[in-house]
Undergrad: 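Sharing a structure with you now.
Note that the structure is a prediction, hence the values are computed from the model and not measured. Throughout, a chain's letter reflects where its sequence line sits, starting with A, and its residues are numbered from 1.
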Amino acid sequence: MLDAETVVGSGTMKVTCSREELTQKLAVVSRGVSTRTAVQILGGILLSAEGGRLMLAATDMELSLRASLEARVEGQGSVVVPGRLLVELARLLPDTEVSIEQRADEGVIHIRSGSFESRLNTYTAEDFPRLPDAEGLERHGVDRDALLETIARVGRSASRDESRPVLTGILVRFEPGKLVMAATDSYRLSVKETALEGTVPELEAIVPARALVELARIGQGAEQIELGVHENQVVFGVDGIWLTTRRIDGQFPNYKQLIPESFEYEVPLPRDEVLDVVRRIAVMAQRNSPLRLRFAEGELTVSARTQDVGEAQESLPVSFAGEALEIGFNAEFLRDGIDSVVGETIRFRLISPLRPCVLQAEGSEDFLYLIMPIRLAG
Amino acid sequence: MILAHLDLDAFFAAVEELEQPELRSKPLVVGGDPHGRGVVATANYEARKFGIHSAMAAAEALRRCPHAVFVRPRHTLYREYSQAVWTAVREVVPTVERTGLDEGYLDIGEVAADFARARVVAEAVQAAVRGATSLSCSLGVASSKVVAKIASDRRKPGGLTVVPAGREAEFLAPFDVRRLPGVGPRAEERLSRSGVETIGALAALPDGELRRLLPGKLGPLLRDRARGIDPRPLETTSETISISTEETFDRDIADVEQLKAEVRRMAERVAERLGKGSQTARTVTTKVRYPDFSIRSRSTTLPVATDDSGRIAELACALLDRALTDRPGALRLVGVGVSGLEDHRQLALLG
């Protein structure tokens, strides 16, 4: 459907479409527009008119998004239009129809809607990066709920630090009967296994977390998500929208080795309650101050103190026996962890104040959140 | 409140004289290379007769006094002497706030009930320092930091100036306004343009005029100080809030790889100092100075604090790249610093 090369360089492009549909599709595609200003054309959206459709594409070289809509095509062609401008304009147009026209060898397009007329400077389509073929690829249907839930559960653990690219990705692996995803920023690790029915694609790839988060956004209303695998890229299809993302090169950490085999303590806690406590106390953990969890006979006390700001503490009953154990955590990491465990009861699996702590739902092994403690001073 | 400001006299030079007595009668300059871009750190009193003073270009000092002896600073040695000085001071006045190797504030009120007794205590401090190290120091005794600081400079070397309570404003009034701590070059310029040359004139400024000359909070703060009012207490546990190091090159360096090698070396030093204090840092800053003396600094803040020299070096180099992208060119100085220090350490799964 979308092969930019065949339509590049034709004479006059003229296309008419519904404003509402254009606005909708632009909203999706524009999220692929590069925010970096260094390469100007990446700030643009490629419009291609062909065979009764108007196709839209944007890419920042890591992630690309494509969508199309029905249109009356009176002249085929393609052109790159500044993305942000087009998005803003489309939304405000007065009439239900929009016509977009580019006459041969003009560096502008004419946008008309009702009595509104504008001329918009453009870039040449030849300069736009060639996007990988999406439709010709072998594709597998993947259960939407399974995919999106898995992304939602692990996504937060991915790193945002570009200096270690592998950690900005999520390890995605299909195994017979299940989908496994893992992410770690080296301070925490999330692993989720989700059962799948039917055949699964053969894939083990490190996919940029932001691409998967974007997929989760697009995929909200869809029923099925299609998946195609390229050597360097992964393509997802959602109701005619194509999201292509680069695969991250490199070796994902062998996360299984990082998970302790046994623990000293298993402390079950009411998940919602402990999440509320942690959220409240975290307010006093400013400027990266640690959250302190003190497990004592029958009582867990959560506290935080920030110099020159203040402090807070709160206790809740707990089935814990033995010598008291105090362990420190980054407040945000702990909150994310408890939040991503689904279930009535959460298990805190502990070894010592300096060893990893694992959070899991009671009676469920399909998800774990491992969090490294903060070594408390003094 | 009765406190004293202690200032060692020509400290670095005095230490060098003690270490090399043959230098004692000669003009002596401790500092950088007089044939390069060095600066004078300290000059002895003999050298000061030629108009040589700290922060002057060493080359200029050489021009003013071609027969002066120039020596490079030996900081480790000075730290040892400083340690001995403060140990001796604490035997007389237990509570002190060190503001540098060679200066600090003493809580005299803790051991003396009035200003007459305070003078005796201050003399005992001078004797203790001389006894322990053979170094001479000057003291100013007053009811506030600002007055004590100016008083210690009043009769150098070996001086002692006591400003009793109630006499602060009168004592400060004749001094040049630039001597008042907190008056920077810009404030001085604004004040002097309106004819405010002395601390006394600043103290007498009416509100409207003050607001016009020094907008914001600075005006009232400085006028209070000019009147001898300075509520700052002694900070006896002065916390480290940042660690940095920088280097001025003998010649401007344009080669990025060479600059990065310098940056990495400095990152190593910064990480080492973090490690010594068992601290970690969240913010890394690279500072650059161009041949026209303009300064730029670029910072980045990590989600999790680190003390890893490799990581700090990597970030500092990336910041150097950013600074050089914004403005390419040779550099006169680079510096690496960390801030947002934490005593806690986030443990990591991966090395």
Side-chain angles (χ1 to χ4, degrees), chain A residues 38 156-164 166-167 182-190 251-260 285-292 304-308 327-334 336 351-358 370-378, chain B residues 233 235-242 260 263-264 267 271 274-284 286 298-322 324-326 328 336 338-351:
Chain A
R156 277 179 286 196
S157 284
S159 172
R160 280 174 288 268
D161 180 355
E162 295 296 332
S163 68
R164 292 169 86 178
V166 164
L167 302 188
T184 178
D185 58 9
S186 96
Y187 307 114
R188 58 229 172 112
L189 161 74
S190 298
Q251 184 77 40
F252 196 81
N254 182 357
Y255 64 86
K256 285 183 183 159
Q257 267 181 10
L258 302 173
I259 304 166
Q286 300 280 320
R287 297 198 300 267
N288 252 25
S289 297
L291 218 57
R292 290 165 186 265
R305 184 176 65 233
T306 307
Q307 198 166 10
D308 306 327
I327 187 165
F329 293 113
N330 173 298
E332 187 194 332
F333 296 169
L334 183 63
D336 280 354
I351 301 167
S352 79
L354 301 181
R355 300 289 312 279
C357 162
V358 166
L370 180 155
I371 174 171
M372 290 302 289
I374 287 176
R375 186 163 72 206
L376 298 168
Chain B
E235 288 175 28
T236 44
T237 49
S238 50
E239 253 184 283
T240 316
I241 56 162
S242 67
K260 284 190 178 168
V263 164
R264 280 189 210 104
L274 272 176
K276 270 190 190 144
S278 326
Q279 287 185 305
T280 54
R282 284 187 74 194
T283 301
V284 177
T286 298
R298 293 284 174 272
S299 300
T300 185
T301 297
L302 297 165
V304 166
T306 184
D307 64 347
D308 180 67
S309 63
R311 187 109 173 75
I312 294 170
E314 192 184 306
L315 292 163
C317 284
L319 292 168
L320 176 72
D321 279 335
R322 245 170 69 193
L324 289 175
T325 309
D326 293 350
V336 173
V338 292
S339 53
L341 304 189
E342 295 175 3
D343 295 328
H344 309 290
R345 179 186 311 267
Q346 169 70 58
L347 304 176
L349 273 169
L350 313 161

Undergrad: With only heavy atoms counted, which part of A:Leu167 is less than 4.5 Å from chain B, the side chain, the backbone, both or neither?
TA: side chain
Undergrad: I'd like to verify something: which residue of A:Glu332, A:Arg160, A:Arg375 has the highest number of heavy-atom pairs under 4.5 Å with chain B?
TA: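 Greatest number of close heavy-atom pairs with chain B: A:Arg375.
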Undergrad: Heavy-atom distance under 4.5 Å to chain B: side chain of A:Arg287, backbone, both or neither?
TA: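 It is the backbone, since no side chain atom gets that close.
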Undergrad: Let me see the working for A:Arg164 and B:Leu350 under side chain to side chain contact (heavy atoms under 4.5 Å, CB included), right down to the final yes or no.
TA: CA-CA 11 Å; A:Arg164 292 169 86 178; B:Leu350 313 161; 3.9 Å; yes
Undergrad: At what distance, to the nearest 0.5 angstrom, does CD1 of A:Ile371 lie from CG of B:Leu349?
TA: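 Here the rounded value is 10.0 Å.
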Undergrad: What are the two closest non-hydrogen atoms of B:Ala348 and A:Met372, and how far apart are they?
TA: O-CE, 3.6 Å
Undergrad: With a 4.5 angstrom heavy-atom cut-off, is it the side chain or the backbone of B:Gln346 that approaches chain A, or both, or neither?
TA: both
Undergrad: So for A:Thr184, is it side chain, backbone, both, or neither that comes closer than 4.5 Å to the heavy atoms of chain B?
TA: side chain
Undergrad: Considering only heavy atoms, which portion of A:Phe329 lies under 4.5 Å from any heavy atom of chain B: side chain, backbone, both, or neither?
TA: neither
Undergrad: What are the residues of residues 303-311 of chain B, in order of number, with any heavy atom under 4.5 angstrom from a heavy atom of chain A?
TA: B:Pro303, B:Val304, B:Ala305, B:Arg311
Undergrad: Where does A:Asn288 contact chain B at under 4.5 Å (heavy atoms): side chain, backbone, both or neither?
TA: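 Both backbone and side chain.
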Undergrad: Tell me which of these, B:Glu342, B:Arg282, B:Glu314, has more heavy-atom pairs under 4.5 Å with chain A than the rest.
TA: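 Ranked by contacts with chain A, first place is B:Arg282.
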